[in-house]
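In what follows, every chain begins at residue 1, and chains take the letters A, B, ... in the order their sequences are listed.
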Amino acid sequence: MSIEVRNLSKHFGAYTALGNVSLKVDTGRLTALLGPSGSGKTTLLRIIAGLEYPDPSADPEAGRVLFHGEDVSHVAAGKRGVGFVFQHYALFKHMTVSDNIAFGLTVLPRATRPSREQIAARVRELLGLVQLDQLGGRLPDQLSGGQRQRVALARALAVNPKVLLLDEPFGALDAQVRKEMRSWLRRLHEQIHVTTVFVTHDQEEALELADEVVVMNNARIEQVGDPQEVYDRPVSPFVIEFLGNVNRLAAGTGKLRTPGEDVLYVRPHDVDIQRGTSDPHALRARVLHVFSAGSYGRVLLQRADSGEQFEAEIARDRLGDLELKQGEEVNVVFRHVRLFPRGEFTEADVRDGRLSEAPRPGAPPVHGAGEHI
Amino acid sequence: MTSRRRPVLPGFGLSLGFTMAYLGLVVLIPLAAVFIKASGLTWHDFLAAVGSPRVLASYRVTFGVSFLAALFNVPFGVILAWVLVRYEFPGRRLVDALVDLPFALPTAVAGIALTAVYAKNGWIGRWLEPLGIQVAYTWLGIWVALTFIGLPFVVRTVQPILEELEPELEEAASTLGATRGQTFRRVILPALRPAIITGFALAFARAVGEYGSVVFIAGNRPLHTEITPLLIITKLEQYDYRGATALASVLLFGSFGLLFLIQLLQRRARRAAG
């Protein structure tokens, strides 16, 4: 079941939660709505679920929610066929785990309600699916956070939703359990293949779990794409800064020459350090500190021309070969950078510190050939 | 007895000692005095004092009308608490403060005010009279007074529970296809049930002992609108201390027994829930 929203706006008083947002989610996909708090991602999810309604609009095409091409804008939440999972589980505390899971079936009108035995069988099946076979008789208070969230998921799945919506599903769990739940949800999705949208502010979670990532900021969608696309070809400074570590340097000054005054972004793993090159155009930097503990080495550097500090991630064996000393000057090579001149963006290759490609304002995002030196 | 955390109050022994002394002075010793005084009567005199037709009729009025008043306060109090918790409207804080008025108002003042309003020529009584409904000087008047003084108990016990009840629970139920009625019956009401029972019990116990607000509106016709606390006062005025304490001990046992029963029901309800 595909989901489409058209030109949604939502205000809470003077506060804009969503500003004219449109989005299409394909059938069977696992999609992440990623953004900082206050970016509107939860509001968007709640409007899709029917728990919140968009601002009324003069344009009849605006503010619509479509499931599989069918307009559900005025359909109540309970009739949309969505399963919703809340950050804080929202389990019914006075009911056992089994009764919680069965709730959606037991509130069906008598004519369509399955028999007691059928409901019990379905509950057993779902308990197996979320790996809580033995815990059907427990109360929610007797479960751990991760178990409670799996009960909430089973409860949402019991009514065979066409769309599964999860609001920060792992937000209330500790780091270890989060990681387990992540891979578990991925496997579950491969098993049941229901169109799923989840909200998260954790970029690692979004990149690892989702087929498609929707990056949101300031009540707007910044970029939609698969994880590699949004990581490698971010369309705005916000996206590149929000997804992973990145160095931000002033271009157009010193050795980093560009036609205009740009901002240059380079990922620490795209920074390489070389010694002994005598290229007068190369970017020179001083080694401020070397962190050699961890799965890769990190080097804190300072540009010789502008004094800006930035970081490089170097493989540990290469770091050993380099034998860097604190305070020494080295040549720095950027394998792949992104430039953002005043809101526009472009991509550039850098060879030995010189940009080989001029910025092309307004050009569509094209992945550069710059994975090598 | 040791406690792992360092408590704010000094020493378990001292705190407990103070608690027991206080409870004893304020609650237990006066209560014991009631029974000791009453025990000065012979069995025969005791039964005569607590079993006369006039007294028996007063039990019916006191316990019966108190029960009806507390019962009425349950839905009314829950709705009031719901409105106060879930809606934001101008004057909400004022309404919230008004709920406590029956606590603060001297009950005699409440009684006189209610009588004035519900009497045949009062603001409301005037409109009820042609309909053949007489409130003042009937058991209905007693019921009005007892409803008035019992209201805060239900509201104030249910309100904090409602405040803690996450709105997500209702949203979860609605996304699962539950109607509003089903959500209320199966999700909200079970969560409120213990608080409702407690509020009912408190309102009931308060109503059984109420005197001031009732005596003006009740009319105090023997066998019809006489409440037991009034008979106790009457006996006291006749210097019949033993007879008064005998009646008091019956009231005490009556409400204590009912509270105990309610506790029992509550515990069973909780066990049934889990």
Side-chain angles (χ1 to χ4, degrees), chain A residues 13 42 45-46 48-52 75-97 99-110 112-113 137-142 151-161 163-168 172, chain B residues 74 78 81-82 85-90 92 154 157-201 262-274:
Chain A
T42 294
L45 192 79
R46 289 172 59 86
I48 294 173
L51 292 173
E52 208 90 67
V75 177
K79 302 244 186 288
R80 286 196 187 184
V82 299
F84 201 98
V85 175
F86 296 83
Q87 180 177 3
H88 297 290
Y89 329 121
L91 293 177
F92 307 131
K93 288 189 186 64
H94 58 281
M95 291 184 205
T96 62
V97 167
D99 288 345
N100 264 283
I101 295 173
F103 185 84
L105 298 171
T106 56
V107 296
L108 285 170
R110 206 173 289 274
T112 51
R113 193 190 308 159
R138 296 260 188 105
L139 284 178
D141 281 347
Q142 299 166 319
V151 174
L153 198 57
R155 182 179 67 178
L157 289 172
V159 288
N160 281 319
V163 167
L164 186 59
L165 305 170
L166 306 103
D167 183 12
E168 300 254 7
Chain B
V74 165
V78 169
W82 183 270
V85 171
R86 285 297 161 88
Y87 299 108
E88 208 39 79
F89 56 92
R92 191 182 68 93
V154 177
T157 47
V158 170
Q159 203 174 4
I161 308 296
L162 256 184
E163 269 162 12
E164 274 176 41
L165 204 67
E166 317 140 84
E168 278 96 27
L169 291 178
E170 290 157 52
E171 291 179 348
S174 85
T175 60
L176 289 167
T179 62
R180 285 182 196 211
Q182 285 171 324
T183 304
F184 185 77
R185 253 194 348 270
R186 300 198 40 200
V187 176
I188 297 168
L189 204 56
L192 297 183
R193 191 173 292 141
I196 289 175
I197 295 174
T198 303
F200 171 84
I262 285 164
Q263 271 295 323
L264 215 67
L265 280 177
Q266 182 130 327
R267 196 165 301 171
R268 189 165 305 167
R270 225 174 268 157
R271 205 172 305 149

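Both the backbone and the side chain of A:R155 have a heavy atom closer than 4.5 Å to some heavy atom of chain B. Contact annotation for A:A76: neither backbone nor side-chain heavy atoms come within less than 4.5 Å of a heavy atom of chain B. Of the two parts of B:E166, only the side chain, counted from C-beta on, holds a non-hydrogen atom closer than 4.5 Å to a non-hydrogen atom of chain A. If you measure heavy-atom distances from A:L91 to chain B, the contacts under 4.5 Å come from the backbone alone.
For residues 77-84 of chain A, the interface with chain B (any heavy-atom pair closer than 4.5 Å) comprises A:A77, A:G78, A:V82, A:F84, sorted by residue number.
By the side chain to side chain donor-acceptor pair (under 3.5 Å) test, B:R193 pairs with no residue at all, sequence neighbours left out.
A side chain to side chain contact (heavy atoms under 4.5 Å, CB included) with B:V85 holds for exactly one of B:E164, B:E163, B:R92; it is B:E163.
Listed for the A:N100 side chain is a donor-acceptor partner under 3.5 Å among the backbone atoms of A:F92. For the pair B:Q182 (side chain) and A:V107 (backbone), a donor-acceptor distance under 3.5 Å is present.
Ranked by non-hydrogen atom pairs under 4.5 Å with chain B, the options A:L51, A:D99, A:V159 are led by A:L51. Contact count against chain B (heavy-atom pairs under 4.5 Å) is highest for A:T106 among A:L105, A:V85, A:L108, A:T106.
The 12-atom threshold is exceeded at CZ of B:R86, counting heavy atoms of other residues, nucleotides or ligands nearer than 6.0 Å. Surrounding CZ of B:F89 are more than 12 heavy atoms belonging to other residues, nucleotides or ligands, all under 6.0 Å away.
Counting heavy atoms from C-beta outward, B:V154 and B:I196 have side chains that stay 4.5 Å or more apart. Proximity of A:L164 to A:L153: side-chain heavy atoms (C-beta onward) are separated by under 4.5 Å at one or more points.
Across all non-hydrogen atoms, the minimal contact from B:G199 to B:T157 is CA-OG1, 3.3 Å.
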